[in-house]
Amino acid sequence: MSDRLDIAADPDAVAAERDAVVSRIRDHAGDIAYAIARIEGGDYGRRSFETDDGEWTVKHEQGDIEFLLFEPRSGQETYVVSTQQPPEPAALVDALADYDAFVERFDAYVRSLDGLLDDVPTEFPTPTSAADVVAERDRIVSRLREVCNQMAGELYRYEMDDYGTFTARVNGTRWELKREESSTSYLRVGGSGGTYLLSQYGPPSAEAVREFAPDAPDFVAAYNDHVAELELDLAQIDL
């Protein structure tokens with residue numbers, strides 16, 4: 001009885017002992033969480049294990065334990081490990097009475113995976129090379145950039161602004177050439193959510209080139225019409 005009175009009179013000692021136990025459980029259950037993360041893959045996940053007295057759930061994030069939850073058959077659940085507050089000491093004691101059973105269920109789960117991949121083939125067909133498709137895509141895109149840079153250079157000469165755009169509708173679809181001085185920043189088809197045939201980042205897909213490149217001559221023709229209209233407007237000026 002005197003021991004109980006001493007403990008009750010020193011709540012800091014109880015909390016310190018509780019924290020020490022939780023720290024050991026965190027390290028041990030953390031190894032389990034890491035093993036589960038490696039088995040299941042992915043950055044996030046959880047797995048539950050049934051015991052005779054309840055259910056244990058391990059949640060992990062990037063291999064680290066997020067929480068260890070014990071839900072008994074009757075009574076309140078206990079977060080034995082969590083990122084929030086530590087468990088109440090009496091609830092921790094009740095949960096840890098079933099901890100060994102939880103570890104046994106985890107061990108059984110790992111053993112159940114033995115031989116799981118034995119019959120999985122490791123010989124696969126050789127993938128067909130995409131080099132020819134990529135080379136042809138790059139050839140078309142390079143030629144398109146060359147033409148657009150010519151257009152950008154002429155627009156820069158005429159407009160004398162460091163930045164500008166030229167837009168036209170081709171078969172009902174908006175094409176937009178944005179330039180910086182005499183260089184092409186991008187060529188976009190289809191408005192703000194459209195496809196970038198030219199950009200400062202990566203090349204377009206081969207499918208996008210196949211879909212839109214056949215209309216590129218019409219876009220250039222629209223640019224030529226635009227220049228012709230400018231020349232006509234200037235020719236009408238009488239000095």
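Only a predicted model underlies this, so the values are computations on that prediction, with no experimental measurement involved.
Of all heavy-atom pairs spanning A152 and S182, the tightest one is CB-O, 3.7 Å. Minimum heavy-atom separation, R18 to P87: NH1-O, 2.8 Å. Smallest separation of non-hydrogen atoms from A206 and R137: CA-CG, 4.1 Å. Here the closest non-hydrogen pair linking A208 and L197 is O-CD2, 4.0 Å. Pairing each heavy atom of E71 with each of T57, the nearest pair is OE1-OG1, 4.2 Å.
For R145, the side-chain contact (heavy atoms from CB on, under 4.5 Å) partners two or more places apart in sequence, or in a different chain, are N149, T184, L198. Qualifying side-chain contact (heavy atoms from CB on, under 4.5 Å) partners for V220, counting only residues two or more places apart in sequence or in other chains: V147, M151, N224. Annotation: salt bridge (charged side-chain N to carboxylate O under 4.0 Å, His left out) contacts of E180 (sequence neighbours excluded): none. Listed by chain and number, the residues in a side-chain contact (heavy atoms from CB on, under 4.5 Å) with R157 are E154 (sequence neighbours excluded). Applying the salt bridge (charged side-chain N to carboxylate O under 4.0 Å, His left out) rule to E50 yields the partners R73; only residues at least two apart in sequence or on another chain are considered. By the side-chain contact (heavy atoms from CB on, under 4.5 Å) test, Y196 is found to be paired with Y186, R188, S199, residues two or more places apart in sequence or in another chain being considered. When the salt bridge (charged side-chain N to carboxylate O under 4.0 Å, His left out) test is applied to R105, the partners found at least two apart in sequence or on another chain are D52. Residues forming a salt bridge (charged side-chain N to carboxylate O under 4.0 Å, His left out) with R24 (at least two apart in sequence, or on another chain): none.
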Next on the checklist: Does E176 form a salt bridge (Lys or Arg N to Asp or Glu O under 4.0 Å) with R174? I'd like the steps, not just the answer.
Outcome noted: CA-CA 7 Å; E176 180 179 359; R174 176 186 172 91; 3.7 Å; yes
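The aromatic ring centres of Y34 and H60 sit 6.0 Å or more apart. Ring-centre distance between Y158 and F166: not below the 6.0 Å cut-off.
For residues 91-127, the set of pairs meeting the ring pair (Phe, Tyr, Trp, His ring centres under 6.0 Å) definition, not counting sequence neighbours, comprises H28-Y99, F49-F102, F49-Y109, W56-Y99, W56-F102, Y99-F102. Residue pairs meeting the salt bridge (charged side-chain N to carboxylate O under 4.0 Å, His left out) criterion with at least one partner in residues 199-219, sequence neighbours excluded, are absent. Within the structure, the salt bridge (charged side-chain N to carboxylate O under 4.0 Å, His left out) test picks out no pair touching residues 87-101 (sequence neighbours left out). Pairs engaging residues 71-91 under the ring pair (Phe, Tyr, Trp, His ring centres under 6.0 Å) rule: F67-Y79 [sequence neighbours left out].
Hydrophobic clustering keeps V93 apart from I25 (ILVMFWY residues linked when any side-chain heavy atoms are closer than 4.5 Å, directly or through intermediates). L68 and I39 fall within the same hydrophobic cluster, where Ile, Leu, Val, Met, Phe, Trp and Tyr residues are linked whenever their side-chain heavy atoms come under 4.5 Å apart, directly or through other members. When hydrophobic clusters are built by joining Ile, Leu, Val, Met, Phe, Trp and Tyr residues whose side-chain heavy atoms come closer than 4.5 Å, directly or via intermediates, L116 is grouped together with I36.
No option in L69, V22, L96 other than L96 meets the side chain to side chain contact (heavy atoms under 4.5 Å, CB included) test with V80.
Within a 6.0 Å sphere centred on CD of Q62, other residues, nucleotides and ligands contribute more than 12 heavy atoms. Atom CG of D162 is surrounded by more than 12 heavy atoms from other residues, nucleotides or ligands within 6.0 Å. Other residues, nucleotides and ligands contribute only 12 or fewer heavy atoms inside 6.0 Å of the CD atom of Q76.
Within the 3.5 Å criterion, the main-chain N or O of Q85 finds a donor-acceptor partner in the side chain of S82.
V209 places a side-chain heavy atom less than 4.5 Å from the side chain of P204. Between F219 and L177 there is a side-chain heavy-atom pair separated by less than 4.5 Å. Annotation: side chain of F212 is in contact with side chain of T195 (closest heavy-atom distance under 4.5 Å). Side-chain contact check for V58 versus R46: every heavy-atom pair is 4.5 Å or farther apart.
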